[in-house]
K.L.:
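Below you'll find the structure I mean.
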Amino acid sequence: MNTKDEARGQERRAKTRFRLGAAVAFCALIATVSGAGALTIEEAMSRALKDHPGAKAARLEAEAAAREIGSARSGYFPAVSLDGSVRREKTDRPTFERTMTAEEYSLTVTQPIFDGLGTPARVSAAQADAEAEKLTAQAKLNDVALDAAYAYLAVLEARERLSLLRNHEERATEIAGRIERRAKVDSGLRSLTVVGSSQTEEARYLVLNAERELVLAETRYRELIGDAPDALAPPLEPTGLLDMKADEAVAGAERHHPALAAARARAQAADGERDVARSALFPKLDAEMRARNGRNIEGISGPDDDYYIGLRLTYNFATGGRDIYDVSAADYREQAAAIRIHDVAREVRLGVLEALENYRSVRDTHQVLLRREAAASELVRVYDAQFIGGQRDLLDLFFVLNEERAASRAELDVRFAKLRSAYGVIAAMGELASLASVRDE
């Protein structure tokens with residue numbers, strides 16, 4: 001390569017670097033100006049919590065369970081019933097034949113006095129069940145918030161990957177162009193144009209694949225959050241996770257995780273259901289008042305009224321063993337609910353420990369890949385300078401360019417994996433939905 005070609009090449013590279021630097025500065029300026037209007041990851045999670053069908057259904061289930069408390073308390077109050085009948089009666093006897101219209105109406109008021117303590121047990125079970133449904137809804141919201149966070153990060157990651165690969169395609173095309181121009185001067189280098197073409201085609205394939213992944217990520221984002229992912233603010237890594245001790249994280253999860261609290265509430269509800277089943281073994285005492293108005297009853301023409309006030313004692317001596325079996329089944333369910341607490345606690349502890357270890361491992365890996373990316377970028381700079389000095393071939397630039405691309409993609413993947421694992425730790429502790437709600441307020 002002669003001196004004029006080298007001078008022109010240096011000038012083109014200087015212009016290219018200037019344009020690239022200006023573009024980066026412009027993008028940074030635009031991001032700074034529009035950052036106030038960009039959607040944050042906490043806001044995205046909050047939107048998902050409001051609009052996600054699973055979250056809505058979980059809240060409705062909790063509301064329905066709360067209504068069951070009022071149903072259980074109805075056992076403390078009197079029951080009022082009104083009965084009435086109108087019928088035609090025909091009497092056919094040897095001495096006479098008569099048709100009458102019989103009418104009968106009665107109003108009965110029944111006040112439970114003792115039902116084997118079934119009503120307090122039903123109220124207790126309903127309250128515990130309502131609390132369990134409320135906590136189950138919170139656990140569902142925690143999962144929805146994590147899915148929304150993953151969808152948010154997936155869009156940002158796909159956008160950065162696409163930008164990185166497009167930049168690589170431009171550089172690969174530039175190197176292939178250099179090879180093409182040199183091959184026109186030196187026919188012995190014409191075979192190298194095949195290598196340049198292969199590299200540009202590979203770069204084009206990677207860009208197309210990245211575009212497809214971005215479309216899929218944006219589709220998932222819209223389905224989970226409900227809006228198009230327009231301007232998204234790059235999230236900051238949650239603080240305090242690196243210094244968090246495993247015992248501290250597990251203890252916090254055991255105190256606050258809604259799934260574990262829901263299991264405890266289910267156990268309390270099972271205690272109440274057991275007491276409800278046992279109440280059937282006791283007699284029941286009710287105060288009863290009835291007023292009856294009748295006319296033409298049993299073939300007797302005229303009024304037939306009566307009034308009744310008294311106590312009614314009811315006891316079922318035999319039900320075919322039904323009550324005994326109900327009590328036995330309730331005992332087993334109570335034991336199962338108590339054991340399930342330990343099972344859920346084990347899952348919560350394991351989830352926290354795995355999430356915390358994954359976060360620390362990915363964080364350490366990211367530090368290594370940052371150094372690899374810096375080394376690859378430096379290698380590209382060195383090879384480019386050596387090429388200008390005639391010490392390197394353009395094919396060597398393809399090699400280091402691919403290495404830089406691989407290093408940048410690996411750093412990008414692990415950087416977002418670190419963010420996902422960080423939010424995964426918060427979700428494993430059961431506090432991600434609360435974080436989204438607090439930030440939204």
Side-chain angles (χ1 to χ4, degrees), residues 39-69 126-158 213 215-230 232 235 238 253-267 269 337 340-341 343-352 354-355 358 416 419-441:
L39 188 72
T40 65
I41 191 170
E42 290 81 12
E43 292 170 342
M45 288 190 291
S46 179
R47 291 186 182 182
L49 296 182
K50 293 178 181 177
D51 301 329
H52 193 279
K56 290 182 178 180
R59 285 192 287 265
L60 291 175
E61 289 288 347
E63 290 293 335
R67 298 298 187 273
E68 296 292 336
I69 300 176
Q127 290 174 337
D129 189 64
E131 181 67 16
E133 288 294 339
K134 178 181 177 182
L135 293 166
T136 301
Q138 293 179 7
K140 176 62 178 177
L141 295 178
N142 190 66
D143 295 339
V144 170
L146 182 60
D147 289 341
Y150 282 174
Y152 185 99
L153 294 174
V155 172
L156 287 178
E157 182 180 10
E213 291 178 350
V215 171
L216 294 177
E218 290 179 341
T219 299
R220 178 170 178 79
Y221 179 97
R222 284 192 296 269
E223 288 296 322
L224 283 172
I225 300 174
D227 295 324
D230 297 326
L232 303 182
E254 289 180 340
R255 287 193 303 268
H256 304 299
H257 201 290
L260 183 54
R264 296 191 182 104
R266 297 286 185 200
R340 194 168 290 113
I341 295 176
D343 186 44
V344 175
R346 178 186 58 81
E347 292 179 356
V348 168
R349 288 194 300 270
L350 184 60
V352 170
E354 288 181 346
N358 182 53
F416 277 93
L419 288 172
R420 283 192 293 270
S421 63
Y423 284 98
V425 172
I426 301 175
M429 296 179 65
E431 300 177 359
L432 191 56
S434 301
L435 174 66
S437 300
V438 170
R439 292 293 180 90
D440 185 52
E441 293 173 359

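Counting begins at 1 with the first residue of the sequence. Note that these values count all heavy atoms, side chains included, but never hydrogens, waters or copies made by symmetry.
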K.L.:
Tell me the closest heavy-atom pair linking Ala267 and Ile341, and the distance in Å.
P.N.:
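Between these two residues, the closest heavy atoms are CB-CD1, 3.6 Å.
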K.L.:
Under the salt bridge (Lys or Arg N to Asp or Glu O under 4.0 Å) rule, what pairs show up with a residue in residues 218-229, not counting sequence neighbours?
P.N.:
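Of all non-adjacent pairs touching residues 218-229, those that pass salt bridge (Lys or Arg N to Asp or Glu O under 4.0 Å) are Arg47-Asp227, Arg159-Glu218.
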K.L.:
Kindly write out the residues that satisfy side chain to side chain donor-acceptor pair (under 3.5 Å) with Arg264, not counting sequence neighbours, or none if the list is empty.
P.N.:
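Side chain to side chain donor-acceptor pair (under 3.5 Å) list for Arg264, sorted by chain: empty.
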K.L.:
Glu254 and Leu260: which non-hydrogen atoms are nearest, and at how many Å?
P.N.:
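Nearest pair, atom of Glu254 first, then Leu260: O-CD2, 3.5 Å.
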K.L.:
Thinking salt bridges, do Asp343 and Arg346 make one under a 4.0 Å N-O criterion?
P.N.:
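Counted as a salt bridge, because a side-chain N and a carboxylate O are separated by less than 4.0 Å.
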K.L.:
Mind checking what makes side chain to side chain donor-acceptor pair (under 3.5 Å) contact with Glu347, not counting sequence neighbours?
P.N.:
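With sequence neighbours excluded, Glu347 shows a side chain to side chain donor-acceptor pair (under 3.5 Å) to no residue whatsoever.
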K.L.:
Please tabulate, one pair per line, all N/O donor-acceptor pairs under 3.5 Å involving side-chain atoms of residues 51-68, not counting sequence neighbours.
P.N.:
from	atom 1	to	atom 2	distance (Å)
His52	ND1	Gly54	N	2.9
Arg59	NH1	Leu49	O	2.9
Arg59	NH2	Leu49	O	2.9
Arg59	NH2	Lys50	O	3.3
Glu63	OE1	Arg67	NH1	3.4

K.L.:
Glu354: which residues meet the salt bridge (Lys or Arg N to Asp or Glu O under 4.0 Å) condition with it, sequence neighbours left out?
P.N.:
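With neighbours one apart ignored, the set is empty.
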K.L.:
Return the minimal non-hydrogen interatomic distance between Gly430 and Pro258, and the atom names on each side.
P.N.:
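The answer is O-CD, 3.6 Å.
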K.L.:
Using the side chain to side chain donor-acceptor pair (under 3.5 Å) criterion, which residues pair with Glu131? Sequence neighbours excluded.
P.N.:
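Glu131 satisfies side chain to side chain donor-acceptor pair (under 3.5 Å) with no other residue.
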K.L.:
Of all heavy-atom pairs between Leu156 and Pro235, which one has the smallest distance, and what is that distance?
P.N.:
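The pair with the smallest heavy-atom distance is CD1-CD, 3.4 Å.
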K.L.:
Between Met429 and Val348, is the side-chain contact (heavy atoms from CB on, under 4.5 Å) condition met? List the steps.
P.N.:
CA-CA 8 Å; Met429 296 179 65; Val348 168; over 6 Å; no
K.L.:
Can you give me every donor-acceptor pair (side chain of residues 135-147, partner residue at least two apart or in another chain, under 3.5 Å) with its distance?
P.N.:
from	atom 1	to	atom 2	distance (Å)
Thr136	OG1	Ala132	O	2.7
Asn142	OD1	Leu432	N	3.0
Asn142	ND2	Ala427	O	2.8

K.L.:
Please name all residues satisfying side chain to side chain contact (heavy atoms under 4.5 Å, CB included) with Ala154, sequence neighbours left out, ordered by chain then number.
P.N.:
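Only Ala217 meet the side chain to side chain contact (heavy atoms under 4.5 Å, CB included) criterion with Ala154.
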K.L.:
Quick one: side chain to side chain contact (heavy atoms under 4.5 Å, CB included) partners of Ala44, sequence neighbours excluded?
P.N.:
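With neighbours one apart ignored, the set is Leu39, Tyr152, Tyr221, Ile225.
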